[in-house]
Amino acid sequence: MKFGREELPARAYYAACGTGKEHLLDAAFFRATYIDLLDVNDESVIKKVANDVGLNSDRILELIYGEAAKEAAVAALAEYEQFGCPGVPTWVVEGERFWGKDRVDWVAEKVKQLS
């Protein structure tokens, strides 16, 4: 594997940033991984998922190999480590860390309080 585990979809996400479809891509990767049981570390899956959300999959794949997507992924990992995140999913809201799928309700409540 040319990239580390989960690096390919991370780079795809950052390559899609600014298109307005990055959140759709993120949700589609989640669906592909946990519902369709596809390997998002495979370029053909990246292309399928990108196409499914209306992105130009060839362009996304080209950007994955570029410096900008690499730097964005590295910066995100550094921030993740800075916040001492123990795993995924982890959310940091106003400096407060929420970790684990059972904490989604807590995150939602915190966001409501801030709204």
Side-chain angles (χ1 to χ4, degrees):
M1 184 182 314
K2 181 177 175 88
F3 297 111
R5 187 114 186 109
E6 311 307 330
E7 184 178 355
L8 191 62
R11 283 184 177 218
Y13 172 82
Y14 292 110
C17 283
T19 65
K21 296 185 178 190
E22 55 270 26
H23 298 298
L24 294 173
L25 185 66
D26 185 43
F29 279 140
F30 183 88
R31 187 174 45 255
T33 301
Y34 296 106
I35 296 170
D36 300 334
L37 304 177
L38 300 174
D39 182 2
V40 293
N41 298 289
D42 183 302
E43 284 187 7
S44 66
V45 174
I46 297 293
K47 288 185 77 164
K48 178 199 179 315
V49 171
N51 282 330
D52 287 351
V53 300
L55 290 166
N56 178 331
S57 63
D58 291 329
R59 178 69 179 139
I60 292 297
L61 219 55
E62 179 184 320
L63 291 171
I64 284 170
Y65 289 93
E67 243 351 86
K70 175 185 176 182
E71 289 173 9
V74 168
L77 284 173
E79 184 177 25
Y80 182 82
E81 289 178 9
Q82 172 194 343
F83 283 114
C85 298
V88 292
T90 299
W91 300 271
V92 178
V93 180
E94 295 286 311
E96 186 176 351
R97 183 178 63 192
F98 300 88
W99 175 68
K101 65 182 180 187
D102 56 337
R103 305 302 196 285
V104 173
D105 291 340
W106 297 1
V107 173
E109 187 58 37
K110 178 72 173 189
V111 170
K112 284 179 191 175
Q113 290 172 7
L114 295 170
S115 298

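Bear in mind the structure is a predicted one, so any value in this text is a computation, not a measurement.
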Cluster check Leu38, Leu24: I/L/V/M/F/W/Y, side chain < 4.5 angstrom = yes
State whether a side-chain donor-acceptor pair under 3.5 Å links Asp58 with Asn56. no
What one should report as the nearest heavy-atom pair of Phe29 and Pro9 is CE1-O, 3.6 Å
Hydrophobic clusters here meaning ILVMFWY residues chained together by side-chain heavy-atom distances under 4.5 Å, can you tell me if Leu114 and Trp106 are in one? yes
Please say yes or no: joined through hydrophobic side-chain contacts below 4.5 Å, possibly via intermediate residues, are Phe30 and Val40 part of one cluster?
no
Between the CG atom in Leu77 and the CD atom in Glu6, the distance rounded to the nearest 0.5 Å is 11.5 Å
In this structure, would Val111 and Val104 fall into the same cluster of hydrophobic residues linked by side-chain contacts under 4.5 Å?
yes
On a heavy-atom basis, the closest approach of Arg11 and Ala69 is O-CB, 3.7 Å
Glu96/Lys110 salt bridge by N-O under 4.0 Å criterion | yes
Check your understanding: Sub-3.5 Å donor-acceptor pair from the side chain of Glu22 to the main-chain atoms of Gly20, do we have one?
Key -> yes
Show the numbers, then the answer: is there a salt bridge (Lys or Arg N to Asp or Glu O under 4.0 Å) between Lys47 and Glu43? CA-CA 6 Å; Lys47 288 185 77 164; Glu43 284 187 7; over 6 Å; no
Notebook entry, point to check: Shared ILVMFWY cluster between Val74 and Tyr14, side chains joined below 4.5 angstrom?
Noted result: no
Between Phe98 and Val92, is any pair of side-chain heavy atoms under 4.5 Å apart? no
Rounded to the nearest 0.5 angstrom, the CZ-CG distance for Arg31 and Asp26 is 10.5 Å
With no hydrogens and no angle check, is any side-chain donor or acceptor of Lys21 less than 3.5 Å from a backbone partner on Gly54? yes
When every non-hydrogen atom of Leu61 is compared with those of Tyr65, the smallest separation belongs to O-CD1, 3.1 Å
Heavy-atom nearest pair, Leu55 first then Ala16, reads CD1-CB, 3.9 Å
Taken to the nearest 0.5 Å, the spacing of Cys17 SG from His23 NE2 works out to 7.5 Å
Scanning both residues in full, the closest heavy-atom pair of Leu25 with Ala12 reads CD2-O, 3.6 Å
| task | Answer yes or no: does atom NZ of Lys70 have more than 12 heavy-atom neighbours from other residues, nucleotides or ligands under 6.0 Å? | result | no
